[in-house]
Amino acid sequence: MAARMLDGQALAVRIQQQEIKPKVTQFIREHGRPPGLAIVLVGDNPASEVYVRNKLKSGSEVGFRADLERLPATTTLADVLTLVERLNRSDAHDGILVQSPLPKALGPDAAQRVFDAIAPEKDVDGFTPANVGLMVQNRPALIACTPSGIIELLVREKIPIAGRHAAVVGRSDIVGKPMALLLMQRDATVTICHSKTPDLAAVCRQADILVAATGRAGLVRKEFVKPGATVIDVGMNTVTDPAVAADLFPDGHPRLARFRERGSVLVGDVHPEVAEVAGALTPVPGGVGPLTITMLMMNTLRAAESRVARAVPR
Ligand code: NDP
């Protein structure tokens with residue numbers, strides 16, 4: 001039987017329109033201003049341009065003030081840090097997001113230095129050491145948007161987590177590690193896999209919930225998946241190689257036809273054949289991506305609410 005498709009796009013629209021937007025309206029009524037989100041974009045990476053545009057659009061749609069702070073690719077690390085400091089002090093901004101990746105010319109530790117500079121209470125990406133530490137201790141924190149969006153999806157789709165075996169493929173700071181931790185905090189038994197894991201397919205095949213976050217198009221094949229398992233595809237890979245596209249989609253598939261028209265196709269880390277064995281599966285696009293943006297909106301609203309609550313004299 002074909003896997004049930006977990007429609008992240010529809011859930012994202014529902015949460016943004018029915019849950020976040022009314023709270024934003026109430027916030028504006030009570031505080032005379034909208035929650036404010038500042039997005040810093042350095043350079044001109046085309047994928048980043050698209051992600052930033054989508055985040056600004058969602059921010060405006062829920063009623064935020066959403067500002068783009070753009071710096072040229074030739075900017076220095078000191079300029080980026082000065083901008084972050086200004087946004088830390090800004091009364092109008094409750095959330096700050098610095099879009100990754102930063103230009104390579106800024107140096108190998110630029111991202112870390114920039115994230116470290118963001119005030120933790122405005123860190124709506126959940127990347128600062130303070131928020132990561134709080135999350136590890138299961139204390140209230142701003143939590144990374146992709147893994148928290150996946151938990152939201154599993155919970156709302158009534159996919160049991162407690163007592164289940166989850167495998168997370170990928171151990172990055174922004175997806176794999178926090179994902180594994182959040183699943184563990186919900187009482188899953190978690191295996192973390194990475195590029196050095198021997199016999200990855202056999203390890204993944206034990207999982208009731210399999211999360212793929214590797215950036216490798218179609219890595220997860222049918223033999224990785226226990227029949228009936230839930231498979232969450234985090235990957236967003238732009239395929240331009242006709243051989244890879246032909247391996248992913250059979251002849252006559254509409255997405256292969258579209259690839260031939262456009263010369264590229266966006267795919268996940270999970271091979272489409274997995275739909276034949278999985279019980280439930282997130283599509284790419286339209287699965288995890290829209291929920292990541294929704295959690296960014298949720299974090300910004302929470303950051304705004306916490307900030308005004310702190311400003312009230314006791
Ligand atoms: P990173 O490149 O930081 O991490 C990739 C991880 O995958 C690493 O831990 C790496 O292992 C592991 N890996 C790579 N190849 C293999 C392999 N062949 N077998 C097993 N493990 C492997 O990527 P991110 O975590 O930042 O992102 C992962 C994917 O998710 C990307 O496609 C990205 O575009 C997408 N993404 C999507 C988001 C969304 O909203 N949908 C948000 C964020 C990311 P090792 O540590 O050993 O190198």
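As the structure is a computational prediction, the values presented were derived from the model and not from experiment. Counting starts at 1 for both ligands and their atoms, following the listed order.
- Ligand 1 is approached by G289 to a heavy-atom distance shorter than 4.0 Å.
- T214 and D269 are linked by a side-chain donor-acceptor pair at a separation below 3.5 angstrom, with hydrogens and angles left out of the test.
- When hydrogens are left out, the protein atom nearest atom 31 (C) of ligand 1 is G215 CA, 3.6 Å; that is the closest non-hydrogen contact.
- Of the options N299, D125, D123, a side chain to side chain donor-acceptor pair (under 3.5 Å) to N131 is made by D123 and by none of the others.
- Residue-to-ligand polar distances keep K196 apart from ligand 1: every N/O pair is separated by 3.5 Å or more.
- For atom 40 (O) of ligand 1, the nearest non-hydrogen atom from the set I293, T197, T214, T292 comes from T292.
- Nearest non-hydrogen protein atom to atom 44 (C) of ligand 1 is V175 CG2, 4.0 Å.
- Contact between A213 and ligand 1 is present, with at least one heavy atom of the residue lying under 4.0 Å from the ligand.
- In the model, S264 has no side-chain atom that pairs as donor or acceptor with a side-chain atom of T238 under 3.5 Å.
- Among all protein heavy atoms, the one lying closest to atom 36 (N) of ligand 1 is V234 O, 3.7 Å.
- Within the 4.0 Å cut-off (strictly below), no protein heavy atom is located near atom 2 (O) of ligand 1.
- At a 3.5 angstrom cut-off on N or O pairs, L200 does not count as close to ligand 1.
- Counting only distance, with no hydrogens or angles, the side chain of D208 and the backbone of H165 share a donor-acceptor pair below 3.5 Å.
- Comparing S172, S195, G170 by heavy-atom distance to atom 45 (P) of ligand 1, the nearest is S195.
- When non-hydrogen atoms are compared, ligand 1 lies under 4.0 Å from the side chain of R216 (C-beta onward) but not from its backbone.
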